Structure formats: structure tokens, C-alpha cells
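In this text the structure is predicted, and so the values were computed from the model without any measurement.
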Amino acid sequence: MNEAFVPVVAPGGERQLVSLRESLLNARQYRRIDAGHPLQTAALYRLHLALLHRALAGPKDMEEAARWYRQGFPAERLEAYLDQYADRFDLFGPQPFMQVGDLNPAEVGENFRSHWVRLSAEEGSANTTALYNVEARPGGERTDALTPAQAALRLLEHQSFALGGLIKRFTTAAKAAPVATAALFLAEGSDLHQTLCLNLVPYRGGPEDAPPWERPPLTVADIRAIYAPEQELLRVPGGYVSRSAWLSRSILLLPEETEAGTVIRTVGFGAGEPLDGPGEGTGANIDPMVSLRPSRDPKNDQPFPYKLRRDRLLWRDMNALLPDPAAENTPDGKLKVRPGRPPETVSHARALMLEVRRQAAPQQADPPPSQDEAEEAFVEEGTPDAIAAHPVIPVLVFGQLTDQGKAFAMRQETYTLPEAFIRQPERFRDDVREALEDAGLVGEGLRQSVRWLASALLSKGGEREPHKDDVSRLAAQIPAEPTYWAELDTPFRTFLADLDRMTRQQARARWQSAIRRAARSGWRTAEEAAGLNAVGLRAVQKAGGPLGKALAILRASPQTVTEAKT
């Protein structure tokens with residue numbers, strides 16, 4: 001418990017390692033948790049929230065959550081809990097933290113020994129693509145050994161984000177960690193205490209939601225019994241906490257003493273507890289950091305967790321923060337609602353801000369309290385979403401990008417939800433939806449124009465009819481669309497801020513101007529790709545129609561844009 005492995009940012013911007021006890025009991029003294037690694041940062045936040053839920057058995061409701069936000073956590077209860085389970089947070093004790101204590105390869109078999117990189121998403125893991133692998137990069141070199149603090153972070157990372165696949169230790173193939181591929185959303189305050197409060201959703205978990213440090217230690221015999229032939233014993237997480245502290249793999253850190261101190265080169269490694277049901281959970285047992293989207297499959301009513309995508313940043317799917325049910329007519333004429341669900345952490349943050357304001361000054365209806373109490377010292381140079389001087393909620397999204405069971409990237413993005421979101425979330429959702437429809441309309445026009453351009457270039461002035469596959473391949477090589485979408489990233493963030501400082505109509509007009517500029521920039525890229533010869537110039541002249549039509553619709557009334565999209 002006293003091992004310093006939690007990387008935090010102090011008010012002055014300096015980074016330091018502190019103990020888990022320190023980051024929980026003195027959270028107001030630190031700006032945030034920041035491991036410099038999206039998956040490790042997310043795993044640490046989930047661990048902190050799990051500990052607070054269990055130690056404080058709450059918050060029971062929004063009133064209690066707001067009181068903790070304003071007055072701090074009940075320190076005596078928190079300290080008593082940390083003292084009670086202190087030995088279970090020792091990395092190398094008889095009941096080591098988040099590990100299987102008797103998984104020693106010298107005793108259970110050397111086939112259970114792995115190099116520490118087995119715990120890493122990007123340094124040699126079998127679930128990593130070659131280009132993502134540090135060793136595969138020019139000049140890439142993996143670290144030979146970890147310090148205990150580094151090992152603790154890798155342990156948490158792997159237990160939280162391990163992908164499913166072949167393992168051949170206790171069983172042939174191991175299941176993925178509960179939220180291994182889902183995007184995770186976290187609301188951020190002006191200090192670590194506020195951030196923890198904003199994401200500490202109401203909790204009523206009981207004994208069934210006990211985390212590993214409250215349960216009898218898992219042993220090799222337990223794991224072998226789970227995977228006994230033809231009777232794999234799946235387990236359903238009992239709630240938020242057990243889902244955030246799931247033993248996805250059986251791991252034992254194997255310390256070595258050197259002149260430089262204790263290091264970890266190898267680990268005991270095998271399959272962990274197999275998960276029953278969807279990783280994000282169902283019903284009242286849904287992970288609060290996950291956003292669920294309505295299924296597009298008419299035969300499937302179950303929503304699915306939002307995942308980060310290779311080809312687009314989150315802002316293009318901003319309604320994942322505010323998904324509303326998608327309604328459709330069934331063959332018998334009835335209206336069918338296909339539900340989605342925003343991340344509970346973000347919804348809770350909004351409700352908490354309003355409740356804090358109500359408790360602080362019940363006679364004042366608005367505005368909610370600012371999270372920017374400490375000021376510019378917390379605004380780092382280069383941060384695209386500086387905390388504003390009015391109530392806002394910065395939202396972080398973490399996740400790894402995967403394809404066919406292989407990780408090829410990890411990502412962390414930040415967006416600031418304006419005061420408009422806190423005061424009028426339905427109106428904010430509609431404004432965002434309309435803005436994304438505007439961008440999508442022109443983006444589709446640009447895509448079609450690029451395809452027309454590719455077809456015209458391949459036809460060589462009408463001499464032949466190109467095959468559609470050849471057209472698709474050439475169109476994919478013209479970076480007009482990537483240029484367009486990349487240039488809209490910063491203007492969209494500006495649009496969100498504009499919803500607070502100008503009218504809705506003015507904000508949308510400014511956003512549409514940015515769309516037109518980005519479209520012209522994207523089309524210039526296509527023109528350059530076509531070339532300045534006669535064939536290229538004719539192709540450009542012929543292909544601009546779809547984009548021109550989309551821009552004409554954009555210049556029309558907002559109602560016309562909506563009708564064009566539908």
C-alpha cells in the first residue's frame with residue numbers, strides 16, 4: 001500500500017510518484033493521475049474509484065456525492081479500509097496484489113514463466129501487431145527489467161485490457177478482460193479529488209461485488225478447477241467494482257535483487273477468471289465508463305459498447321456521450337425503440353455539478369459551479385481544451401484500437417463539454433447532432449467527387465469504362481477526405497465552446513464556415529493528385545458536382561440540410 005507507483009501531476013505541473021494511500025487521502029493536492037500511457041492511466045482511475053466505492057459503501061445518492069465533492073471524503077472510514085486490507089496491496093507479499101501467489105514457475109512448471117513484456121500492450125505481447133511492437137520499430141529496444149513501480153502499472157494495465165486469444169496455460173484460449181476493447185469515458189475536475197467525485201456514480205454493491213483484495217486469495221488449484229475438462233466455470237462480475245478489478249489473467253511478479261535494487265524480468269503467467277456474459281455488463285450491472293450504442297441489426301435489440309475507431313476521432317461520434325434511443329417502425333406498424341446509453345460517468349458529472357450548486361446556494365438557480373477554481377496553473381501549454389472560466393466538464397476517453405484480436409494502437413482524447421451541456425443536455429445533443437450532420441453532408445459530397453475524379457482519370461477521357469474496384473483503389477490513394485476531417489477537429493472544439501458564448505445560430509454559422517474551408521482544402525488535395533495535364537484538368541472539372549451540390553445545400557436553411565441528410 002505504501003509503494004509509490006501512482007503517477008500524479010502536482011499543481012505546478014511537475015510529475016511525481018506517490019503511494020495509493022497518498023493519492024486517495026490527499027487527492028486535492030494533485031491535479032490528476034497521468035501515467036503517460038492511456039491504458040495505465042485509465043486502469044489507475046478505475047482502481048481508485050473501486051477502492052472508494054468499497055471503502056465508503058457509496059455514494060448512496062446524489063446528495064451524498066455532492067457533499068463529498070464539497071467537503072472531502074470521510075477520511076476515517078477511508079483510512080480504516082486501507083488499513084484493513086493493507087497487506088493485500090503488497091506486490092510481493094504472501095497474498096500479492098492482483099496476483100496468484102503460488103503461480104511460481106519453479107513449482108508449477110517452467111511453461112508458466114514469461115518475460116515481463118507479456119504484460120505490455122506495445123512491447124512484445126502476442127496480441128500486438130508488428131508495427132505497434134516496440135521491438136519491430138527501427139531502433140526499437142525493449143526494456144530488460146522493470147522497477148516495482150513500473151511492474152505495478154503493467155500489472156494493472158494487463159488485468160484491465162488483456163485481449164482474448166491463445167494462451168495454452170490452464171486452458172487453450174483465454175477470454176478478454178471485461179472492457180478490453182471498449183472506449184472508457186472519464187469526466188475531469190480541476191483537481192484529482194473533483195475528478196474522483198465526478199466519476200463516483202451512486203453505488204449499492206454488496207458482498208457479491210467484492211474485489212480480489214476482499215476475497216480469499218486465488219490459487220493455482222482454484223484456476224485448475226475452473227478449467228477442469230468440459231466444465232469451464234464462468235463468473236459474472238457482481239458490480240462496478242469487481243468489473244474494474246477483474247483477474248483476467250493469473251500473474252505472479254518474480255522479483256530479483258540486483259545492485260540497483262529490486263527488478264522484475266519474468267512473471268508467472270496463465271489464464272485467469274473467465275468472464276460470463278458481455279464484458280460491459282447488462283441491466284443494472286453496466287460498466288459506468290462505457291457508452292452503449294443502439295444496434296443497427298434489426299434482429300438484435302442489444303446495444304453494443306462504443307469503441308474507438310482507426311479512421312475517425314471521437315468528435316465525429318460525439319453523440320456517443322449522449323445517445324438517444326433510435327426509433328423505427330416495425331412491420332406491424334408499431335414504434336420500436338432501440339435503446340442506447342451514455343456513459344454513466346458523464347451523466348453523473350453533469351447531475352453532480354447541478355446538485356453541488358443547489359447545496360451551496362439553493363436560492364440561486366444558475367449557473368452551476370466552475371471547476372476552474374485553481375486557475376491557469378492547471379492549463380498546460382498546447383492543451384486544445386483549456387479549462388474555461390465558466391462551468392465546463394472536460395471529458396477524457398481512453399482505449400485501445402484492435403482488429404481481429406490484435407492491438408495496433410492506443411489512444412487518449414480530451415473534449416470539453418460546455419455549460420450548455422450542463423444546463424440543457426437535450427438541446428446540446430440536438431446542436432451536436434446538427435453540426436455533425438452538416439459535416440457528414442459535405443464529407444459525403446467530397447467522397448463522391450473523389451470517386452468521380454478517380455473514375456474520370458482511369459477512363460482517360462472516356463476511352464474505357466474503369467472497373468469499380470480500380471476506382472475504389474485509386475480514390476483511396478487521394479487524401480482529400482482525411483484532409484477534410486483532420487481540418488475540422490479544432491473547429492469542432494471551437495464550436496462546442498461557441499455554444500456558450502454566442503447564439504446557436506451564430507455558432508452553427510461559424511461551424512459551417514469551417515466546413516466550407518475544410519472542403520476547399522480537401523478538394524485542393526484532390527486537384528493536386530489529378531495533375532495539371534489535360535486529362536487531370538478535365539477530370540477535376542467533371543468531378544466537382546457532388547461536392548458543389550453539398551456545399552449549396554449547406555448554404556441553404558438548416559431545415560434543408562436536415563432534409564438532405566434524411
Side-chain angles (χ1 to χ4, degrees), residues 1-7 17 19-20 35 37 39-40 43-44 47 85-128 133-135 141-163 165-171 174 177 211-213 215-224 226-227 245-273:
M1 179 68 72
N2 292 318
E3 178 69 46
F5 74 91
V6 180
L17 290 179
S19 69
L20 190 56
H37 186 291
L39 305 186
Q40 293 174 9
L44 280 168
L47 174 63
Y85 295 104
D87 61 326
R88 297 296 299 271
F89 286 84
D90 187 337
L91 280 180
F92 308 118
Q95 299 177 359
F97 173 61
M98 296 294 288
Q99 299 170 68
V100 176
D102 61 345
L103 188 61
N104 188 337
E107 299 173 3
V108 299
E110 285 299 318
N111 61 313
F112 286 92
R113 186 185 299 273
S114 291
H115 193 275
W116 75 260
V117 295
R118 191 68 186 258
L119 309 181
S120 165
E122 77 280 7
E123 296 197 53
S125 167
N127 287 108
T128 300
N133 194 321
V134 169
E135 286 189 286
E141 187 175 325
R142 74 183 183 188
T143 304
D144 178 59
L146 299 176
T147 65
Q150 292 170 331
L153 292 178
R154 291 295 182 183
L155 174 67
L156 284 172
E157 171 198 339
H158 198 69
Q159 297 288 28
S160 299
F161 295 99
L163 295 173
L166 290 175
I167 192 167
K168 296 184 178 180
R169 293 171 174 86
F170 294 128
T171 188
W213 54 86
R215 293 160 43 202
L218 198 66
T219 67
V220 169
D222 295 332
I223 300 295
R224 292 194 191 281
I226 288 172
Y227 294 104
W246 192 257
L247 292 179
S248 306
R249 298 291 181 269
S250 300
I251 299 170
L252 180 65
L253 303 178
L254 302 173
E256 301 176 23
E257 297 301 325
T258 69
E259 293 182 359
T262 303
V263 300
I264 294 89
R265 291 190 175 88
T266 61
V267 300
F269 189 85
E273 294 186 286

Could you go through the side-chain contact (heavy atoms from CB on, under 4.5 Å) check for I223 and L103 one step at a time?
-> CA-CA 10 Å; I223 300 295; L103 188 61; over 6 Å; no
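- Between L44 and L153, the closest side-chain pair of non-hydrogen atoms falls below 4.5 Å.
- Using a 4.5 Å heavy-atom threshold, the side chains of R224 and F170 count as touching.
- For E110, the salt bridge (charged side-chain N to carboxylate O under 4.0 Å, His left out) test picks out R113, with sequence neighbours left out.
- Here the side chains of I251 and R154 are not in contact, with every heavy-atom distance at 4.5 Å or above.
- Within the 4.5 Å cutoff, no side-chain heavy atoms of R249 are placed close to those of R118.
- R215 and R88 get closest at one heavy-atom pair: O-NH1, 2.9 Å.
- A pairwise comparison of heavy atoms in A145 and V263 identifies CB-CB, 3.9 Å as the closest pair.
- The minimum heavy-atom distance linking T171 with A271 is given by the pair CG2-CB, 3.6 Å.
- At a threshold of 4.5 Å between non-hydrogen side-chain atoms, the residues L156 and F5 count as touching.
- Under the ring pair (Phe, Tyr, Trp, His ring centres under 6.0 Å) criterion, F92 pairs with no residue at all, not counting sequence neighbours.
- Counting only residues at least two apart or on different chains, the salt bridge (Lys or Arg N to Asp or Glu O under 4.0 Å) pairs with a member in residues 258-269 are D144-R265, E256-R265.
- Taking S160 as the reference, A43 meet the side chain to side chain contact (heavy atoms under 4.5 Å, CB included) condition, with sequence neighbours excluded.
- The side chain to side chain contact (heavy atoms under 4.5 Å, CB included) test applied to P96 returns Q99, L252, not counting sequence neighbours.
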Given side-chain contact (heavy atoms from CB on, under 4.5 Å), test V6 with L47 step by step and report yes or no.
-> CA-CA 11 Å; V6 180; L47 174 63; over 6 Å; no
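- To the nearest 0.5 Å, atoms CG (D90) and CD (E3) are separated by 8.5 Å.
- T147 contributes atom OG1, which lies 8.0 Å from atom CG of L17 (distance to the nearest 0.5 angstrom).
- A donor atom on one side chain and an acceptor atom on the other are not found under 3.5 Å apart for E273 and S248.
- In terms of the side-chain hydrogen bond (donor to acceptor under 3.5 Å, both in side chains) criterion, residue partners of Q40 (sequence neighbours excluded) are, by chain and number, E157.
- Scored by the side chain to side chain contact (heavy atoms under 4.5 Å, CB included) test, A151 finds L146, L253, I264 as partners (sequence neighbours excluded).
- Take Y227 and apply the ring pair (Phe, Tyr, Trp, His ring centres under 6.0 Å) test, not counting sequence neighbours, and it matches no residue.
- Within the structure, every pair that satisfies the ring-ring contact (aromatic ring centres under 6.0 Å, His included) test and touches residues 248-269, not counting sequence neighbours, is listed here: H158-F269.
- For D222, the side-chain hydrogen bond (donor to acceptor under 3.5 Å, both in side chains) criterion is met by T219, not counting sequence neighbours.
- Sorted by first and then second residue, the salt bridge (Lys or Arg N to Asp or Glu O under 4.0 Å) pairs involving residues 94-105 (not counting sequence neighbours) form an empty list.
- Using the six-membered ring where Trp is involved, F97 and F89 have ring planes that are parallel, under 30° apart on the 30 and 60° scheme.
- Here CG of L247 is found 5.0 Å from CE of M98. Values are rounded to the nearest 0.5 Å.
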